[in-house]
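Step one of this worksheet: look at the structure below.
Numbering starts at 1 and runs along the sequence shown.
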Amino acid sequence: MTTMGRAYSDDLRVRILEADERGEGSCRVLAKRFGVSWEYVRKLRRQRAATGQKVRVAQSRYGVRSKVTEPVKAHMLALVKSQPDLTLAQLRERIHSDKGVSMSWGLVHLWVARLGLRLKKSRSTPSNETPKPTVSVAPSSTSASSRSIRKGLSSLTKAVSRPR
């Protein structure tokens with residue numbers, strides 16, 4: 001049965017980087033001495049060059065932090081409460097002008113749903129009004145007028161004489 005690999009301790013990381021600073025060997029020599037892969041030592045060197053730190057940089061488990069912080073959420077709720085007929089585009093513009101946070105249309109729509117706000121206007125749904133009956137003075141075109149069709153004749157066939 002195999003188990004998941006475990007992360008190296010920060011103590012080991014610091015010892016490897018201090019040995020590297022003292023010039024005690026190449027990546028391969030340090031890797032053999034500390035019992036790690038040479039690629040791990042190389043990665044530590046790169047990270048130290050980029051950040052200037054020996055200790056591990058804190059990482060987020062969930063990806064990029066959202067632009068929608070608690071103050072932005074509170075502002076969004078306050079905007080909708082003060083003016084309930086705001087469209088998504090207007091809400092987006094107001095958040096950008098007031099808080100300096102640029103949000104896409106989709107992100108605004110997502111947060112409106114997450115905050116439990118209801119959409120007041122929608123272009124894609126039909127209006128709720130009942131259709132008005134059409135008032136027409138002219139006769140309906142669906143029924144044929146008796147004058148337009150002669151008895152016994154069709155527009156596609158000739159009159160057929162009946163045998164006697």
Side-chain angles (χ1 to χ4, degrees), residues 1-136 138 140-142:
M1 184 163 118
T2 61
T3 59
M4 290 278 296
R6 300 185 77 175
Y8 294 124
S9 68
D10 286 339
D11 178 52
L12 177 63
R13 178 188 188 94
V14 171
R15 286 187 291 143
I16 292 171
L17 289 173
E18 286 175 350
D20 184 47
E21 286 175 353
R22 291 190 297 267
E24 294 182 10
S26 66
C27 287
R28 293 191 190 274
V29 171
L30 291 173
K32 190 171 186 178
R33 178 177 160 198
F34 289 101
V36 295
S37 68
W38 71 272
E39 189 62 39
Y40 179 70
V41 177
R42 188 172 147 223
K43 179 180 103 170
L44 293 180
R45 282 180 165 178
R46 267 196 325 253
Q47 288 176 349
R48 182 187 58 200
T51 64
Q53 299 178 13
K54 291 181 189 176
V55 293
R56 194 169 64 94
V57 177
Q59 298 175 348
S60 171
R61 289 182 57 189
Y62 305 108
V64 179
R65 293 188 191 269
S66 177
K67 297 176 183 180
V68 185
T69 59
E70 289 302 320
V72 174
K73 289 180 202 175
H75 185 65
M76 187 182 294
L77 285 168
L79 284 173
V80 173
K81 193 174 213 177
S82 67
Q83 192 177 356
D85 62 339
L86 277 174
T87 63
L88 290 177
Q90 292 168 338
L91 183 62
R92 181 176 169 231
E93 289 171 11
R94 293 280 303 272
I95 291 171
H96 181 66
S97 65
D98 296 347
K99 292 292 182 180
V101 176
S102 61
M103 298 169 65
S104 67
W105 183 89
L107 187 61
V108 173
H109 188 271
L110 175 78
W111 277 102
V112 163
R114 281 186 183 173
L115 294 173
L117 305 172
R118 292 182 31 200
L119 295 176
K120 307 296 183 199
K121 300 176 183 177
S122 176
R123 293 184 192 171
S124 61
T125 57
S127 62
N128 291 333
E129 67 183 33
T130 56
K132 296 176 185 155
T134 57
V135 178
S136 176
S140 173
S141 62
T142 57

Next on the checklist: For Arg65, I'd like to know if atom CZ has over 12 heavy atoms of other residues, nucleotides or ligands within 6.0 Å.
Outcome noted: no
Item to check | Stepwise side chain to side chain contact (heavy atoms under 4.5 Å, CB included) test for Val36 and Leu12 | outcome: CA-CA 10 Å; Val36 295; Leu12 177 63; 3.9 Å; yes
Next on the checklist: Is the shortest side-chain heavy-atom distance between Leu79 and Asp98 below 4.5 Å?
Outcome noted: yes
Checklist entry - Are Val55 and Asp10 close enough, and set up right, to give a side chain to side chain contact (heavy atoms under 4.5 Å, CB included), and what steps lead you there? => result CA-CA 6 Å; Val55 293; Asp10 286 339; 5.5 Å; no
Checklist entry - Minimum heavy-atom separation for Leu30 to Ile16, with atom names? => result CD1-O, 4.3 Å
Next on the checklist: Between Lys67 and Ser102 (side chain of the first, backbone of the second, donor and acceptor by atom type, cut-off under 3.5 Å), is there such a pair?
Outcome noted: yes
Checklist outcome for this item: Rounded to the nearest 0.5 angstrom, the CD-CZ distance for Glu24 and Arg33 is 4.5 Å
Checklist entry - What distance separates Glu39 CD from Arg46 CZ, expressed to the nearest 0.5 Å? => result 6.0 Å
Checklist entry - Side chains of Arg114 and Leu110: does their closest heavy-atom pair fall under 4.5 Å? => result yes
Next on the checklist: A side-chain contact here means heavy atoms from C-beta on lying under 4.5 Å apart; do Arg13 and Phe34 qualify?
Outcome noted: no
Checklist entry - How far does CZ of Arg28 sit from OG of Ser37, to the nearest 0.5 angstrom? => result 10.0 Å
Checklist entry - Does a side-chain heavy-atom distance below 4.5 Å link Ile95 with Val101? => result yes
Item to check | Flag side-chain contact, heavy atom, 4.5 Å: Lys73 against Trp111 | outcome: yes
Checklist entry - Quick one: does Asp20's side chain get under 4.5 Å of Arg48's, heavy atoms only? => result yes
Checklist entry - Checking Arg92 side chain against Met103 main chain: does a donor-acceptor pair fall under 3.5 Å? => result yes
Checklist entry - Where is the tightest heavy-atom contact between Arg45 and Gly25, given as atom of each residue plus distance? => result NH2-O, 3.6 Å
Item to check | Euclidean distance, Ser26 OG relative to Arg42 CZ, rounded to 0.5 Å | outcome: 13.0 Å
Checklist entry - When rounded to the nearest 0.5 angstrom, what is the spacing between CD in Gln90 and CD in Gln83? => result 6.5 Å
Checklist entry - Of the non-hydrogen atoms in Leu17 and Gln53, which two are nearest, and what is the gap between them? => result CD1-O, 4.5 Å
